Asker: 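One structure coming up, written as structure tokens, with questions to follow.
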Amino acid sequence: MMRWLSEWWRGGTAAVEPVSLRDAARLAQLHGASFAQGWGEGEFESMIGERNTLVHRLRLGRKIIGFAVSRIGADEAEILSVAVDQAHRGRGLSRTLLMTHLGHLAGRGVRTIFLEVEENNQPARRLYDRAGFMVVGRRERYYKQPNGEQLNALLMRRDLS
């Protein structure tokens, strides 16, 4: 009984699993809270329905607290977005989400993965560095902030084979 209570108190165990269309609104909410240019519910519904797009949710107990989205083309994929609820960051959950997502991409025949990350986003850069991604390029003024500021993006790559 006490073990169950402590699991409940902490929010339960984390699970990375496929999303359903029902999750689109929550994913849009998480994306909007994590990025300056948030994606809407309709955009998530479209991505979830696409055969070449892989979307996973990170669930803690009954609550969706994160997601990862990738688009696949032949034996390559691009990670379009990874987000974890602000209240649950810094616990290694994003690493669990990312590594599980990468495993599923490998299972679908993906050999090389690319992503773009904002140059000054240190938590995300640490996550990707530790997951074996290497910087292979840079895009000047790629991200546009609401205040008009333009931030550089780093292009990162990881081979799965």
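The shown structure was predicted, so the numbers you read here are calculated from the model rather than taken from an experiment.
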Asker: Would you kindly confirm whether Leu127 and Met134 end up in one hydrophobic cluster when ILVMFWY residues are joined by side chain heavy atoms under 4.5 Å apart?
Answerer: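 Cluster IDs for Leu127 and Met134 differ.
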Asker: Rounded to the nearest 0.5 Å, how far apart are CG of Leu115 and CG of Leu98?
Answerer: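 If I round to the nearest 0.5 Å, the distance is 8.0 Å.
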Asker: Are Val117 and Phe35 in one and the same hydrophobic cluster, where Ile, Leu, Val, Met, Phe, Trp and Tyr link if side-chain heavy atoms are under 4.5 Å apart?
Answerer: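 As far as the 4.5 Å side-chain criterion goes, Phe35 and Val117 are not connected within one cluster.
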Asker: For the backbone of Leu93 and the side chain of Arg91, can you confirm whether one donor and one acceptor N or O come within less than 3.5 Å of each other?
Answerer: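 Between the backbone of Leu93 and the side chain of Arg91 there is no qualifying donor-acceptor contact (under 3.5 Å).
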Asker: Rounded to the nearest 0.5 Å, what's the gap from CG on Leu97 to CD on Glu17? Could you check?
Answerer: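 The CG atom of Leu97 sits 11.0 Å away from the CD atom of Glu17.
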Asker: Filter on salt bridge (Lys or Arg N to Asp or Glu O under 4.0 Å), then keep only pairs touching residues 41-53, sequence neighbours left out; what's left?
Answerer: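 Residue pairs with at least one partner in residues 41-53: Glu50-Arg71.
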Asker: Please round to the nearest 0.5 Å and tell me the distance separating atom CG of Leu27 and atom CE of Met47.
Answerer: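 Going from CG on Leu27 over to CE on Met47, the span is 8.5 Å.
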Asker: Do you reckon Leu54 sits in the same ILVMFWY cluster as Ile113, going by side-chain contacts under 4.5 Å, direct or chained?
Answerer: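 Both belong to a single hydrophobic cluster.
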Asker: Quick check: are there more than 12 heavy atoms from other residues, nucleotides or ligands sitting under 6.0 Å from CE of Met99?
Answerer: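 More than 12 heavy atoms, drawn from other residues, nucleotides or ligands, come within 6.0 Å of this atom.
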Asker: Would you check if Asp85 and Arg26 make a side-chain contact, meaning some heavy-atom pair closer than 4.5 Å?
Answerer: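 Asp85 reaches Arg26 side chain to side chain.
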Asker: Of the non-hydrogen atoms in Gly40 and Ala28, which two are nearest, and what is the gap between them?
Answerer: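 The pair with the smallest heavy-atom distance is C-CB, 3.7 Å.
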Asker: In Å, rounded to the nearest 0.5 Å, how long is the span from CG of Leu30 to CD1 of Ile65?
Answerer: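 One gets 8.5 Å once the value is rounded to the nearest 0.5 Å.
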Asker: Show the numbers, then the answer: is there a side chain to side chain contact (heavy atoms under 4.5 Å, CB included) between Thr96 and Val16?
Answerer: CA-CA 8 Å; Thr96 300; Val16 177; 4.2 Å; yes
Asker: Kindly give the heavy-atom pair with the smallest separation between Arg59 and Arg62, and that separation in Å.
Answerer: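 Result for this residue pair: CG-C, 4.1 Å.
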Asker: Decide salt bridge (Lys or Arg N to Asp or Glu O under 4.0 Å) for Asp129 and Arg158; before the verdict, give the C-alpha distance in whole Å, the side-chain angles of both, and the deciding distance to 0.1 Å.
Answerer: CA-CA 10 Å; Asp129 285 340; Arg158 178 181 177 194; over 6 Å; no
Asker: Please step through ring pair (Phe, Tyr, Trp, His ring centres under 6.0 Å) for the pair Phe133 and Phe114, ending with a clear verdict.
Answerer: CA-CA 8 Å; Phe133 284 85; Phe114 295 93; 9.2 Å; no
Asker: Just wondering, do Pro123 and Arg126 contact through their side chains at under 4.5 Å, heavy atoms?
Answerer: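 They are in side-chain contact.
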Asker: Please evaluate residues Ile79 and Leu102 with respect to the criterion side chain to side chain contact (heavy atoms under 4.5 Å, CB included), reporting the C-alpha separation (whole Å), side-chain torsions for both, the decisive distance (0.1 Å), and the verdict.
Answerer: CA-CA 9 Å; Ile79 295 177; Leu102 293 179; 4.1 Å; yes
Asker: Would a 4.5 Å heavy-atom cut-off, applied to side chains only, mark Leu154 and Arg125 as touching?
Answerer: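 A side-chain contact under 4.5 Å exists here.
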Asker: Would you call the rings of Phe44 and Phe67 parallel, tilted or perpendicular if under 30° counts as parallel and over 60° as perpendicular?
Answerer: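 Phe44 and Phe67: perpendicular rings.
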Asker: Taking all heavy atoms of Gly38 and all of His31, pick out the closest pair and write down the distance.
Answerer: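 Looks like CA-ND1, 3.3 Å.
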Asker: With clusters defined by side-chain heavy atoms of hydrophobic residues (ILVMFWY) lying less than 4.5 Å apart, directly or transitively, does Val84 cluster with Val69?
Answerer: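 Different hydrophobic clusters.
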Asker: The criterion is side-chain contact (heavy atoms from CB on, under 4.5 Å); which residues satisfy it with Gln86, sequence neighbours excluded?
Answerer: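 Listed in chain order: Arg89.
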Asker: Quick check for you: to the nearest 0.5 Å, what is the distance between Arg95 atom CZ and Arg130 atom CZ?
Answerer: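 If we round to the nearest 0.5 Å, Arg95:CZ and Arg130:CZ are 8.0 Å apart.
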Asker: Out of curiosity, Asp23 CG to Ile64 CD1, how far, rounded to the nearest 0.5 Å?
Answerer: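 Here the rounded value is 3.5 Å.
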Asker: Heavy atoms, side chains only, cut-off 4.5 Å: are His56 and Val19 in contact?
Answerer: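 The answer is no; the side chains never approach within 4.5 Å.
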Asker: Is any side-chain heavy atom of Met156 less than 4.5 Å from a side-chain heavy atom of Val136?
Answerer: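 They are not in side-chain contact.
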Asker: Tell me, do Leu105 and Ser70 make a side-chain contact under 4.5 Å, heavy atoms counted?
Answerer: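 Side chain of Leu105 against side chain of Ser70, heavy atoms only: contact under 4.5 Å found.
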Asker: Look at the side-chain heavy atoms of Ile, Leu, Val, Met, Phe, Trp and Tyr, link any pair under 4.5 Å apart, and say whether Val82 and Trp39 land in one connected group.
Answerer: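 No, separate clusters.
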Asker: Do Glu76 and Arg111 pass the salt bridge (Lys or Arg N to Asp or Glu O under 4.0 Å) test, and can you show the C-alpha distance, the side-chain angles, and the key distance before you say yes or no?
Answerer: CA-CA 6 Å; Glu76 293 184 350; Arg111 298 169 59 103; over 6 Å; no
Asker: Any side-chain heavy atom of Val110 within less than 4.5 Å of one from Leu160?
Answerer: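 In short, these two side chains touch, coming nearer than 4.5 Å.
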Asker: So, do Arg108 and Ile72 sit near enough that their side-chain heavy atoms are less than 4.5 Å apart?
Answerer: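 With C-beta onward as the side chain, the pair touches.
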Asker: Checking the side chain of Arg157 only, and the main-chain atoms of Thr112 only, is there a donor and an acceptor separated by less than 3.5 Å?
Answerer: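 Such a contact is absent between Arg157 side chain and Thr112 backbone.
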